[in-house]
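Worksheet: the structure to be examined is printed underneath.
Labels below follow one simple rule: chain letters A, B, ... track the order of the sequence lines, proteins then strands, and each chain is numbered from 1. Just so it is clear, the structure is predicted and the values come from calculations on it, not from any experiment.
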Protein chains: 2
Amino acid sequence: MLKRLSKDIKKIIIKKKTTIKDIANVLNISPAAVSKALHDDSRISEKTKKAVKQVAKNLNYHPNHLASALRKGKSNLVGIIAPRTNSHFFSGVVQSMEEVLNKKGYNIIMTHSNESYKKECDNIDTLLYTQVDGIIASMANETIDLSYFNKIKSKGIPLILFDRGENDLNVDYIGIDDYKSSHIIVKHLVEQGCKRIAHIGGYKHTRIFNNRIRGYIDALKEHNLPLEEELLIESSLSIEEGRKKMEQLLKLKDIPDAVYVASDYAALGALQVLKERQIKVPEDIALVGFGNEPFTAMVTPSITSINQHSEEIGKLAAKTFLEHMNSTVIKQSLNKKILEAELIIRDSSKKVKA
Amino acid sequence: MLKRLSKDIKKIIIKKKTTIKDIANVLNISPAAVSKALHDDSRISEKTKKAVKQVAKNLNYHPNHLASALRKGKSNLVGIIAPRTNSHFFSGVVQSMEEVLNKKGYNIIMTHSNESYKKECDNIDTLLYTQVDGIIASMANETIDLSYFNKIKSKGIPLILFDRGENDLNVDYIGIDDYKSSHIIVKHLVEQGCKRIAHIGGYKHTRIFNNRIRGYIDALKEHNLPLEEELLIESSLSIEEGRKKMEQLLKLKDIPDAVYVASDYAALGALQVLKERQIKVPEDIALVGFGNEPFTAMVTPSITSINQHSEEIGKLAAKTFLEHMNSTVIKQSLNKKILEAELIIRDSSKKVKA
DNA sequence: AACTTTTGCTTAAACGTTTAAACAAAATAC
DNA sequence: GTATTTTGTTTAAACGTTTAAGCAAAAGTT
């Protein structure tokens with residue numbers, strides 16, 4: 001009784017959202033005609049189209065996404081999961097994805113795992129809950145168990161991984177050739193005359209970091225340099241970790257003459273330590289980072305780094321998603337697209353002047 | 001013709017998602033009964049509830065959120081917009097919001113403006129598009145134009161701001177008393193015997209930073225200290241900016257004996273500079289940060305800071321949202337909740353030993 | 001003028017839920 | 001043993017959109 005009353009009050013106070021029906025009533029046409037007019041259907045006259053759009057604007061009409069998504073069986077939303085938000089690489093990737101997807105009428109729901117496995121799972125859950133049409137993701141550092149990603153696949157919606165992917169998971173993948181990138185870096189350092197090349201790498205269980213480590217090891221071999229255990233360090237690659245691992249390397253009786261760091265952030269930390277200790281870069285120790293973050297060009301000395309082609313990766317990932325949506329049958333063939341990375345040589349490793 | 005065919009193929013290949021109807025068919029009951037059983041309606045017998053839930057599990061049933069949201073007229077989603085993802089404060093706030101909201105059946109869509117106005121607008125658009133039931137936001141540093149936030153209000157869904165709010169905008173707000181916080185800090189520094197207290201603050205156009213600056217100025221006055229222009233600096237408050245502004249202060253002929261930095265990150269940068277220059281903290285210069293980030297306790301010397309009660313803010317913001325949802329009429333009265341902050345005194349400012 | 005085609009709309013069903021209302025059967029009350 | 005309440009379910013409509021199918025009128029074709 002009281003409840004009924006308050007409900008009526010609500011109805012009075014809340015200006016009901018205008019629907020397609022309201023527009024139809026104003027113009028004395030059917031809701032179907034309105035819907036078609038709004039979608040520029042060729043079977044609707046220009047006159048009614050104009051009228052409908054005008055009334056829609058007047059009544060402040062906004063389509064009910066839930067209704068159309070339900071009816072069409074797709075939400076036109078794609079979920080993105082990135083491990084971090086503040087890296088130039090990831091934001092570049094996302095931006096170019098967004099560009100491609102928006103053009104095709106898709107909206108994006110961004111989520112960040114912050115490198116945490118739990119958050120990643122939460123992200124997947126909300127994305128599935130909101131009925132996204134697909135998920136494009138890059139895995140958190142922590143993630144080892146992949147059952148949650150399989151949950152996506154079992155729902156039947158496309159999953160595309162980029163950068164931080166996994167070989168086991170049977171999905172499309174876009175990334176750069178990390179193994180080869182290490183080769184390019186080591187080759188460059190050798191050409192600069194370096195003989196004791198250290199590697200501050202990421203954790204081996206992450207595909208890309210493992211590949212960089214393997215590449216480092218194999219490249220040393222190719223150039224007949226010995227692999228010394230004390231020169232190969234795993235780390236979480238934050239600025240602070242870069243400082244710590246660099247300090248660790250400087251404590252060795254036989255310090256390296258070059259350090260290849262698997263992330264620009266950690267490389268920056270390492271550089272800070274070197275500068276504080278008055279160690280000359282690149283003369284005493286040459287330094288190479290990874291990711292081509294903008295700051296690498298801005299610090300002194302500027303840091304040599306690997307350009308990961310974020311725009312290209314984003315574009316390809318988005319296009320792969322669109323391919324899935326446009327194919328009527330479930331695609332069986334997988335897209336594994338591996339781009340070749342590019343070394344941007346800067347002062348931190350330029351011992352031999354050209 | 002061909003299209004029809006391919007559609008049929010699709011139907012065959014794609015295992016249709018199981019719906020409430022499928023469960024109903026299996027058990028020979030009505031879909032309505034199934035729906036009620038799944039929601040533990042008191043009018044459904046325990047026996048059928050159990051049976052329904054079992055079948056649901058067997059068929060791998062997942063409720064169609066779009067359908068239920070459409071029918072119920074609410075999505076049970078709440079959008080959150082935070083300026084940054086990596087700050088302890090914001091992640092604490094969000095976590096406690098999530099806790100409160102999940103308990104009441106709400107899911108969260110997190111977005112990050114990354115301090116960019118454009119991204120903030122994009123976030124608002126996608127959130128409105130996904131038909132969230134409300135938005136809880138903290139404004140980007142860049143944001144000056146508030147028309148986009150008014151767009152939310154004009155849609156009739158609740159908007160709750162926290163921390164970075166705005167006086168003009170007629171919305172609920174939860175935050176700490178920044179003005180008073182500055183007073184607490186200045187008082188503390190004066191008690192430690194400091195006479196030239198500098199302030200590295202944020203940009204004045206952001207409410208909270210403006211309040212901190214005003215608080216700093218008024219507190220100086222109260223303690224009969226002169227306000228010196230060269231000691232009051234605006235900045236973006238990153239680590240790097242903290243370094244730069246500290247260096248700027250050290251270039252003065254008459255350097256300060258205390259620095260109050262409006263962010264722990266910038267305070268950390270300042271501390272790095274002080275340590276590099278062998279300036280004793282707190283003996284030569286006392287240092288106070290803001291935000292009580294975990295690292296403030298971990299660096300040497302540990303940094304005195306202001307605890308912003310992130311959990312409390314998150315909880316209150318979530319509760320305010322829930323109040324909106326539960327009230328049948330549109331609430332006119334605004335909630336402005338200002339919490340008192342707490343100074344955590346650590347080594348960086350402890351000149352007078354207790 | 002008698003047809004076909006095209007144009008511009010309408011009708012009605014569907015998407016998967018929820019929920020008010022109805023109703024039969026069982027349990028309880030008197 | 002009839003009246004009333006409670007229990008457990010069904011029916012049917014609704015949420016706002018899209019879309020296949022239908023249909024009348026206009027335009028085009030012989």
Roughly how many Å is it from [atom1] in [X] to [atom2] in [N], rounded to a whole number?
X: B:Leu38; N: C:dT19; atom1: CG; atom2: C1'; answer: 15 Å
X: B:Arg71; N: D:dG16; atom1: CZ; atom2: P; answer: 10 Å
X: A:Asp22; N: D:dG16; atom1: CG; atom2: P; answer: 9 Å
X: B:Asp40; N: D:dT9; atom1: CG; atom2: P; answer: 13 Å
X: A:Leu66; N: D:dT17; atom1: CG; atom2: C1'; answer: 11 Å
X: B:Leu59; N: C:dG16; atom1: CG; atom2: C1'; answer: 15 Å
X: B:Lys47; N: C:dA25; atom1: NZ; atom2: P; answer: 16 Å
X: B:Lys74; N: D:dC15; atom1: NZ; atom2: C1'; answer: 15 Å

Check: B:Ser138 side chain, B:Ala82 main-chain N or O, donor-acceptor pair, under 3.5 Å: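 Checked: no pair found.
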
OP1 or OP2 of [N] less than 4.0 angstrom from a side-chain nitrogen or oxygen of [X], does that happen here?
X: A:His65; N: D:dT17; result: no
X: B:Ser68; N: C:dT17; result: no
X: A:Ser35; N: D:dT17; result: no

Nearest listed nucleotide, side chain of [X], among [options]:
X: B:Thr19; options: D:dT18, C:dT17, D:dG16; answer: C:dT17
X: B:Asn64; options: C:dG16, D:dT18, C:dT19; answer: C:dG16
X: A:Ala32; options: D:dT18, C:dT11, C:dT18; answer: C:dT11
X: B:Ala67; options: C:dT10, C:dT17, C:dT19; answer: C:dT17
X: A:Ser30; options: D:dT19, D:dT10, C:dT11; answer: C:dT11
X: A:Lys36; options: C:dC9, D:dT10, D:dG16; answer: C:dC9

Results of ring pair (Phe, Tyr, Trp, His ring centres under 6.0 Å) for B:Tyr106 - residues two or more places apart only: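 Ring pair (Phe, Tyr, Trp, His ring centres under 6.0 Å) list for B:Tyr106, sorted by chain: B:Phe321.
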
Electrostatic pair B:Asp41-B:Lys49, nearest N-O below 4.0 angstrom: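 No, this pair does not count.
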
B:Asp172 and B:Lys319 ion-paired at < 4.0 Å: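 Salt bridge: no.
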
Spacing of A:Met325 atom CE and A:Asn76 atom CG [to the nearest 0.5 Å]: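 Interatomic distance, A:Met325 CE to A:Asn76 CG, rounded to 0.5 Å: 7.5 Å.
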
Gap separating the CD1 atom of A:Ile81 from the NE2 atom of A:His112, nearest 0.5 angstrom: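 So the CD1 of A:Ile81 and the NE2 of A:His112 are separated by 11.0 Å.
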
A:Asp40 versus A:Lys53, closest heavy-atom pair with distance: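 Heavy atoms of A:Asp40 and A:Lys53 come nearest at OD1-NZ, 2.9 Å.
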
Measure all distances between protein nitrogen or oxygen atoms and nitrogen or oxygen atoms of nucleotides 5-8 of chain C, and list the pairs falling under 3.5 Å.
residue, atom, partner, partner atom, Å
C:dG8, N7, A:Arg43, NE, 3.1
C:dG8, N7, A:Arg43, NH2, 3.3
C:dG8, O6, A:Arg43, NH2, 2.7

